[in-house]
Chemist: 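Structure provided below as structure tokens; questions to follow.
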Protein chains: 4
Amino acid sequence: MYDIDPSRSEPLFQQIVAAVKRDVATGRLRPGDRLPTVRESALDLVVNPNTIAKAYRVLEAEGVTVSRRGAGTFIAPHRPTTSRRERVRAFREALDEALADAVHRGLTRAEAERAIESALKRFRFGSEEKP
Amino acid sequence: MYDIDPSRSEPLFQQIVAAVKRDVATGRLRPGDRLPTVRESALDLVVNPNTIAKAYRVLEAEGVTVSRRGAGTFIAPHRPTTSRRERVRAFREALDEALADAVHRGLTRAEAERAIESALKRFRFGSEEKP
Amino acid sequence: MYDIDPSRSEPLFQQIVAAVKRDVATGRLRPGDRLPTVRESALDLVVNPNTIAKAYRVLEAEGVTVSRRGAGTFIAPHRPTTSRRERVRAFREALDEALADAVHRGLTRAEAERAIESALKRFRFGSEEKP
Amino acid sequence: MYDIDPSRSEPLFQQIVAAVKRDVATGRLRPGDRLPTVRESALDLVVNPNTIAKAYRVLEAEGVTVSRRGAGTFIAPHRPTTSRRERVRAFREALDEALADAVHRGLTRAEAERAIESALKRFRFGSEEKP
DNA sequence: GTGGTCTAGACCACA
DNA sequence: GTGGTCTAGACCACG
């Protein structure tokens, strides 16, 4: 399902977490959808079931999923709680780091703008009310 | 100098690396500029000197700085070597993760666009001529 | 009847057990009252009948209910058997955990006292005479 | 250090989490204090180091501690974030369950009041400002 | 059959 | 030496 790469330095469980979050944010996974079971995913991605379980635990802790023993793991309804200030700050930090790296790699402004434009299309942002 | 936060999960040396790279990418640090010595930085940031040394080692390995024995550590001239494909791919990945997180935090499209526009202004991209 | 929340980490059957015990302790349910059948409850609470059955089994094991074959499940007459030492110890432990959590959430002493005062009013304690 | 009981049904890591939270809430542990290392605790409590590590991870996730690789695990500065409504609601629920259990065990009102009064003395509540 | 807990033990990243 | 990651495998609680 996901392309997990053990050779990358990012921990496996974090790669899984990021992949699920991306799919939720783009709408490929929607509230109520069921994730594959821990054992299925473990076979699929060729990692230890504990590693999947850890990823699911983190996702649950972040409010992305809910796990029910005996039933499975499901995408939770959205309920962002961070303040506007905080979410903008966090985004700017991540964006700064991405851009700084890109500049060092020689990305041109045009390339950056194209990539951003295309990325913005793929994500499903929350409704535009301004709290 | 930099605001390093030991309580964040990102390793200290990486926070330092990212901060220097950001300053180079925005132009606050320019080729030829000298970085503080390891000891100065260690006192400044209240961090173990080994941690600073590791950050400087990584920066040099990435080609961001050059250290001249007995003279200090300096910002290197830009010389991006990655292929266009590679640099775009890396940027898209980082951007995807930043956006996915932001969406989960409830960022609206308008907020994202404003943050991006402002960030694009702050970074000094390479010249558009040489692909 | 009860507000059972499958997304909470507490097992469903325990939520049901706790709800019944609370109702008995507050007097909403009294000795001799009949509980809904397993099937009724299962439909009502949208829960697997096995889960209800397990809750009833636990309640009976704890002496809160008695089930009479063919007739149903009834609230049992009170007949606490634990020693004073034991019942106080158990209460103190639960109270400690509740208070520790509350303090971490930032509850003030005044808020705690008000909540306690109100709670004490709602519960029907045993007669003070028989130690 | 703590009295952990493997025979209780509560998971070991949760018992450890509760014990640390109680010590923080009573003031036995204060912000900045260092917890025993994972390995020390594991030897001390005769449990697997992974179990301690999990407890520490949960404590960090709840904001009770901060862990720094290479340095240790420390009590974090208090920064309760829950709203007044939420913290009172959570406390009332826990209190209700504790009282319901106690009533079933035959606790008298006098016993309850004495236990409560004594418990209230041991915990360090936040400052009394009303936000 | 689902997720959760725990153990044992190896290896790694960080300070 | 610190905490973190991952594997392997047993056992349990829940629905």
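Just so we're on the same page: letters track the sequence lines, and every chain starts at 1. What's counted below: heavy atoms across the whole structure, side chains too, no hydrogens, waters or symmetry copies. All values derive from a computational prediction rather than experimental measurement.
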Chemist: Return the set of residues passing side chain to side chain donor-acceptor pair (under 3.5 Å) with D:Arg92 (not counting sequence neighbours), or none when no residue passes.
Modeler: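 With sequence neighbours excluded, D:Arg92 shows a side chain to side chain donor-acceptor pair (under 3.5 Å) to C:Ser118, given in chain and number order.
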Chemist: Write down the distance between CZ (C:Arg8) and P (F:dC14), rounded to a whole number of angstrom.
Modeler: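 From C:Arg8 CZ to F:dC14 P: 14 Å.
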Chemist: Give the residues of residues 57-68 of chain A touching DNA chain F, defined as any heavy atom closer than 4.0 Å, sorted by residue number.
Modeler: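 None, since no heavy atom is under 4.0 Å.
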Chemist: Return the set of residues passing side-chain contact (heavy atoms from CB on, under 4.5 Å) with D:Pro6 (not counting sequence neighbours), or none when no residue passes.
Modeler: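 With sequence neighbours excluded, D:Pro6 shows a side-chain contact (heavy atoms from CB on, under 4.5 Å) to D:Leu12, given in chain and number order.
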Chemist: What is the distance, rounded to the nearest whole Å, between atom CZ of D:Phe74 and atom P of E:dA15?
Modeler: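 Roughly 12 Å, once rounded to whole Å.
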Chemist: Would you list the protein and nucleotides 9-12 of chain F atom pairs, both N or O, that sit under 3.5 Å from each other?
Modeler:
from  : atom 1 : to      : atom 2 : distance (Å)
F:dG9 : O6     : A:Asn50 : ND2    : 3.1

Chemist: Hey, is the side chain of C:Thr51 poking within less than 4.0 Å of OP1 or OP2 on F:dC14, counting only N and O atoms?
Modeler: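 No, outside the criterion.
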Chemist: Using five pairs at each end of the helix from E:dG1-F:dC14 to E:dC14-F:dG1 to define an axis, what is the angle between those two axes, to 10°?
Modeler: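 Helix axis angle between the two ends: 30°.
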Chemist: How close or far is atom P of F:dT2 from atom CG of D:Leu43, stated in whole angstroms?
Modeler: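 Computing the D:Leu43:CG to F:dT2:P distance gives 11 Å.
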Chemist: With rounding to the nearest 0.5 angstrom, report the CD to CD1 distance, D:Glu10 to D:Ile16.
Modeler: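 Result: 10.0 Å between the selected atoms.
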Chemist: Let's see if you get this right: which residues in residues 9-19 of chain D place a heavy atom under 4.0 Å from DNA chain E?
Modeler: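 Hits under 4.0 Å, by residue number: D:Pro11, D:Leu12, D:Phe13.
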Chemist: How far does CZ of B:Arg105 sit from CZ of A:Arg89, to the nearest 0.5 angstrom?
Modeler: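 Atom-to-atom, B:Arg105:CZ and A:Arg89:CZ are 8.0 Å apart.
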Chemist: Who passes side chain to side chain donor-acceptor pair (under 3.5 Å) against B:Thr51, sequence neighbours left out?
Modeler: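 Side chain to side chain donor-acceptor pair (under 3.5 Å) list for B:Thr51, sorted by chain: empty.
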Chemist: Tell me every residue that passes side-chain contact (heavy atoms from CB on, under 4.5 Å) with B:Thr73, counting only those two or more places apart in sequence or in another chain.
Modeler: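 Partners of B:Thr73 under the side-chain contact (heavy atoms from CB on, under 4.5 Å) test: B:Leu35, B:Tyr56, B:Thr65, B:Ser67.
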Chemist: Answer yes or no: does atom CZ of B:Arg39 have more than 12 heavy-atom neighbours from other residues, nucleotides or ligands under 6.0 Å?
Modeler: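 Count not over threshold, so no.
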Chemist: Around atom CG of C:Asp5, are there more than 12 heavy atoms of other residues, nucleotides or ligands at under 6.0 Å?
Modeler: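 Count over threshold, so yes.
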Chemist: B:Ala42: what forms a side-chain contact (heavy atoms from CB on, under 4.5 Å) with it, not counting sequence neighbours?
Modeler: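 Listed in chain order: B:Pro49, B:Ile52.
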Chemist: Under 3.5 Å, side chain of B:Thr82 to main-chain N/O of B:Arg87, donor-acceptor pair present?
Modeler: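 Not at all, since once roles are kept as given, no pair shorter than 3.5 Å links the two residues.
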Chemist: Does anything in residues 13-30 of chain A form a side chain to side chain donor-acceptor pair (under 3.5 Å)? List the pairs, not counting sequence neighbours.
Modeler: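 Qualifying pairs: A:Tyr2-A:Asp23, A:Lys21-A:Glu62, A:Lys21-B:Asp101.
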Chemist: Using the test side chain to side chain donor-acceptor pair (under 3.5 Å), find all partners of D:Thr37 that sit at least two apart in sequence or belong to another chain.
Modeler: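 Applying side chain to side chain donor-acceptor pair (under 3.5 Å) to D:Thr37 gives none.
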Chemist: Do the side-chain N or O atoms of B:Lys54 get closer than 4.0 angstrom to the phosphate oxygens (OP1, OP2) of E:dA15?
Modeler: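 B:Lys54 to E:dA15 OP1/OP2: no side-chain N or O under 4.0 Å.
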Chemist: Output all residues satisfying side-chain contact (heavy atoms from CB on, under 4.5 Å) with C:Asn50, sequence neighbours left out; order by chain, then residue number.
Modeler: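 Testing C:Asn50 for side-chain contact (heavy atoms from CB on, under 4.5 Å), a comparison that skips the adjacent residues, returns C:Asn48.
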